[in-house]
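In what follows, every chain begins at residue 1, and chains take the letters A, B, ... in the order their sequences are listed. All heavy atoms count here, side chains included; hydrogens, waters and symmetry mates do not.
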Amino acid sequence: MTTRPAQTTSSSGEASVSQIADRSYRGYDGELKTRAARWWIVALATIRANLRKPAFWILAGLVLLFYVINGLVFYFTQNAMSQMGSPAQKNAYAQSLYQCLTFVGLPVFLTALVVGAGSIAADNRANALLVYLAKPITKTDYLLGKWVGVFTMVAAVSFLPALLLYLFFLGAYWSEGFWKENPTLILRLLGATLLPALLHASLIIGFSAWSKRPSLAGALYAGLYFVTLIVSGVAGAMMISNAPNRQVTTRAATVLSLSVDGIIRGTALRLYNAEAPGRQFREQMEQPEPPRPPLLPLLLLSGALVVIPLAAARVKVRAVEVISG
Amino acid sequence: MPVAAVSELTVRYGAKTVLENLSVEVPEGCTGLLGPNGAGKTTLIKTLLGFVAPAGGTGQVLGHNIATEGLRIRQRIGLMPEQDCHIPGINAVSFVAYAGELAGMPGSRAMGRAHEVLEYCALGEARYRKVETYSTGMKQRIKLAQALVHGPKLLFLDEPTNGLDPAGRDEMLDLIRDISHGKGVNVIVSSHLLPDIERTCDSVIVMKGGRIMTQGPMASLRETGGTQMEVELRAASEPFVAAVQERGGRLATVQGSRYRFTFEGNGLADGQMGRLLFEAAMAANAQVRGFRPAQRSLEDIFLEAVE
């Protein structure tokens with residue numbers, strides 16, 4: 001084995017001679033695992049990279065703040081109502097969780113943009129796929145790792161504060177029969193808070209895979225998010241205004257849910273068995289409670305919004321550009 | 001035993017055939033893959049790595065089938081691609097350690113090894129800088145480091161001196177030469193720069209238009225079959241050239257006072273050619289400084305092969 005004089009590199013990139021470092025090459029004959037869960041390495045790296053982003057922590061803090069404030073409001077309202085001898089509100093815990101979910105919809109969406117927009121787009125820009133796919137990693141491993149990384153981050157922001165509020169309810173209202181009245185609430189909470197992570201992670205990964213600029217991927221997804229929200233809102237409002245007595249039909253409720261945000265709210269409404277917002281307004285206008293959108297179309301649409309972007313991303317993720325023709 | 005071999009390999013991009021019925025064996029050591037732009041060098045590397053599915057033929061790398069054992073191949077090889085590439089947003093040592101983990105190394109070993117490899121590639125001082133801030137030469141070296149981190153048995157270097165200044169090029173070629181000799185690492189260097197191949201490789205494969213034009217150990221390709229002699233005189237001498245030509249020699253090249261003569265079809269041994277040259281020198285009153293059987297340059301080999 002020969003030892004060459006060490007060359008260290010200055011900040012300007014020029015090499016200078018130094019005798020301190022051992023510059024001999026030693027082979028590596030240690031362990032090389034052929035892991036089944038190769039995607040986990042990619043997922044872990046994605047999570048680590050995103051944990052270093054201040055914007056992620058700001059948004060996570062904001063979501064947590066919403067839940068804390070909602071928990072405090074709930075606590076004081078319940079205390080006041082019990083002192084006044086008012087009857088307990090039906091399904092109050094789930095209703096509170098649903099309200100929080102609708103409040104934090106935007107910060108959770110922004111979290112998805114922060115953690116997901118650059119997940120593959122930045123790799124495309126830096127030709128990182130050549131590094132990844134020259135290692136024993138398939139493009140499915142890569143894509144799954146990226147997806148799990150983004151999903152985990154968004155799910156943490158969406159689910160953990162909700163879980164905290166749930167644990168607060170569990171501890172504070174155990175003696176009032178919280179558990180007996182709501183044995184399945186934790187499962188419903190899980191479904192309602194993980195669905196946003198599922199949808200956002202899949203969609204942003206799809207846009208990110210087709211872009212070389214994180215900002216472009218984020219802008220495209222934001223465009224889809226807000227355009228579908230506006231279009232479905234306008235279409236739903238027109239259906240309501242054309243209906244007899246301006247009643248909200250099931251079809252109108254479904255149309256109102258035909259956006260990313262609408263799917264999340266509509267599904268949560270169903271899962272929490274909650275009441276749509278605007279009860280006081282409806283009571284003043286003497287309008288009945290609007291029907292909830294049917295769950296099956298929402299779930300089918302959710303499935304499509306998960307599968308289609310991931311399939312599109314899979315087409316785009318490859319180590320080399322193959323030019324046909 | 002060849003480190004890589006393909007047989008009847010055909011690769012098509014859509015309707016365009018890039019490699020056609022290609023059969024070649026890459027020997028152990030350092031092998032240069034030479035060819036003009038568009039010869040199919042990079043496509044051959046990508047096919048060996050499983051990035052491109054062949055339309056026909058078979059191949060193996062380090063004993064593993066390229067069609068079915070892509071992951072196993074990629075675990076045992078290292079690739080230094082032609083293009084700039086890195087994992088964005090992380091520093092050099094994290095990047096190289098991550099590359100090691102992707103190759104299957106345990107995390108702690110990968111980090112230790114990343115430090116070693118970065119020292120070897122002269123990036124020790126810059127290991128905590130983000131790769132985005134690196135100069136072109138440093139980016140080339142970090143690509144080599146990420147390819148070496150898991151101790152590959154075969155290293156593919158695609159245009160390793162691309163974009164380097166003369167000093168950076170020298171350093172890179174020294175690194176390649178060092179790693180490919182006596183370190184248990186076989187190297188395939190793809191380049192269109194003949195001096196790079198000449199300086200680093202023991203054998204060469206010349207490609208053109210998706211076909212192998214010539215291949216073999218550099219030493220045997222350089223041989224002229226004993227029909228050429230190189231003579232160096234004290235001073236250039238026209239009478240000497242005329243005298244050699246009278247004795248059946250044909251002037252091949254002149255470089256100052258250095259001449260190369262071909263003795264075609266004479267069936268002369270080295271000794272006889274030497275005697276003829278000395279006779280000619282005496283007749284022309286020229287002083288011979290030295291002579292030896294001529295060797296072809298890599299440029300000669302390349303031009304003969306592609307033309």
Side-chain angles (χ1 to χ4, degrees), chain A residues 1-2 4 6-16 18 20-35 38 41-42 44-45 48-50 52-53 118 121-138 141-142 214 318-320 322-325, chain B residues 13-16 46 49 51-52 70-72 74-79 81 83-90 95 98-99 101-106 109 113 116 119-120 122-126 129 131-132 134-138 141 146-151 167-168 171 174 178-179 182-185:
Chain A
M1 188 177 286
T2 57
R4 296 181 301 121
Q7 283 173 327
T8 54
T9 307
S10 66
S11 57
S12 63
E14 288 167 2
S16 57
S18 150
I20 298 169
D22 176 8
R23 291 273 319 279
S24 58
Y25 178 78
R26 292 183 285 276
Y28 174 78
D29 289 318
E31 187 185 10
L32 280 179
K33 294 176 190 169
T34 44
R35 300 177 179 94
R38 293 179 295 264
I41 304 159
V42 181
L44 213 54
R48 279 189 201 129
N50 281 309
R52 289 195 290 268
K53 291 180 179 169
D123 283 353
N124 285 340
R125 194 172 196 175
N127 284 325
L129 283 171
L130 269 175
V131 177
Y132 279 106
L133 299 182
K135 306 292 180 211
I137 293 274
T138 65
D141 294 329
Y142 171 79
R318 54 190 176 202
V320 286
V322 177
I323 300 147
S324 302
Chain B
Y13 292 155
K16 188 181 177 191
K46 285 170 181 171
L49 295 179
F51 291 167
V52 178
L71 287 180
R72 199 156 281 281
R74 297 207 292 272
Q75 190 161 46
R76 298 187 63 199
I77 63 97
L79 170 69
Q83 302 99 314
D84 268 350
C85 59
H86 62 272
I87 308 287
I90 54 177
F95 167 42
Y98 183 38
E101 282 190 69
L102 288 172
M105 296 174 79
R109 299 292 300 274
R113 174 82 180 157
E116 274 180 33
E119 284 289 359
Y120 178 70
L123 289 170
E125 294 284 305
R129 272 172 59 187
V131 182
E132 287 94 329
Y134 274 17
S135 66
T136 307
M138 293 165 85
R141 285 201 288 264
Q146 65 81 28
L148 278 174
V149 63
H150 58 293
E171 286 169 21
D174 282 348
D178 185 66
I179 194 99
K183 302 294 189 322
V185 183

**Q** Side chain, backbone, both or neither: which part of B:Leu49 has a heavy atom under 4.5 Å from chain A?
**A** neither

**Q** Within the 4.5 Å heavy-atom criterion, are A:Tyr28 and B:Met105 side-chain neighbours or not?
**A** yes

**Q** When only pairs under 4.5 Å are counted, which of B:Gly78, B:Gly70, B:Ala99 shares the most heavy-atom pairs with chain A?
**A** B:Ala99

**Q** Checking heavy atoms, do the side chain of A:Asp29, its backbone, both or neither come under 4.5 Å from chain B?
**A** side chain

**Q** At a heavy-atom separation under 4.5 Å, does B:Ala167 approach chain A through its side chain, its backbone, both, or neither?
**A** neither

**Q** What's the separation between atom CG in B:Leu71 and atom CZ in A:Arg38, rounded to the nearest 0.5 Å?
**A** 5.0 Å

**Q** Of all the heavy-atom pairs spanning B:Cys85 and A:Asn127, show the shortest one and how long it is.
**A** CB-O, 3.1 Å

**Q** Can you say whether B:Val131 sits under 4.5 Å from chain A via the side chain, the backbone, both, or neither, judging by heavy atoms?
**A** neither

**Q** Quick one: CD1 on A:Ile137 to CZ on B:Arg74, what's the gap to the nearest 0.5 Å?
**A** 9.0 Å

**Q** Under 4.5 Å heavy-atom distance to chain B, tell me which part of A:Ala122 shows up: side chain, backbone, both or neither.
**A** both

**Q** For B:Pro88 and A:Ala128, which heavy atoms make the closest approach, and how far apart are they?
**A** CD-CB, 4.2 Å

**Q** How many angstroms lie between atom CZ of A:Arg26 and atom CZ of B:Arg113, to the nearest 0.5 angstrom?
**A** 8.5 Å

**Q** With a 4.5 angstrom heavy-atom cut-off, is it the side chain or the backbone of B:Pro106 that approaches chain A, or both, or neither?
**A** both

**Q** Can you tell which part of A:Arg52 gets under 4.5 Å to a heavy atom of chain B, answering side chain, backbone, both or neither?
**A** side chain

**Q** Check whether B:Arg76 gets within reach of chain A through its side chain, its backbone, both or neither, counting any heavy atom under 4.5 Å.
**A** neither

**Q** Heavy-atom distance under 4.5 Å to chain A: side chain of B:Phe95, backbone, both or neither?
**A** side chain

**Q** Identify whether the distance between the nearest side-chain nitrogen and carboxylate oxygen of A:Glu31 and B:Arg109 falls below 4.0 Å.
**A** no

**Q** When you measure from the side chain of B:Gln75 to the backbone N and O of A:Lys33, does any donor-acceptor pair fall under 3.5 Å?
**A** yes

**Q** Show the nearest heavy-atom pair for residues B:Phe51 and A:Leu133, with the distance to one decimal.
**A** CE2-O, 3.0 Å

**Q** Counting C-beta onward and ignoring hydrogens, is there a side-chain heavy-atom pair between B:Tyr98 and A:Val131 closer than 4.5 Å?
**A** no

**Q** Can you name the nearest heavy-atom pair linking B:Ile77 to A:Ala134, along with the distance?
**A** CD1-O, 4.3 Å

**Q** Quick check for you: to the nearest 0.5 Å, what is the distance between B:His86 atom NE2 and A:Asp123 atom CG?
**A** 9.0 Å

**Q** Go through the steps to decide whether B:Ile87 and A:Tyr132 satisfy the test side chain to side chain contact (heavy atoms under 4.5 Å, CB included), and finish with yes or no.
**A** CA-CA 9 Å; B:Ile87 308 287; A:Tyr132 279 106; 3.4 Å; yes

**Q** Examine whether an atom of B:Ile179 lies under 4.5 Å from a heavy atom of chain A, and if so say whether it belongs to the side chain, the backbone or both; otherwise answer neither.
**A** side chain

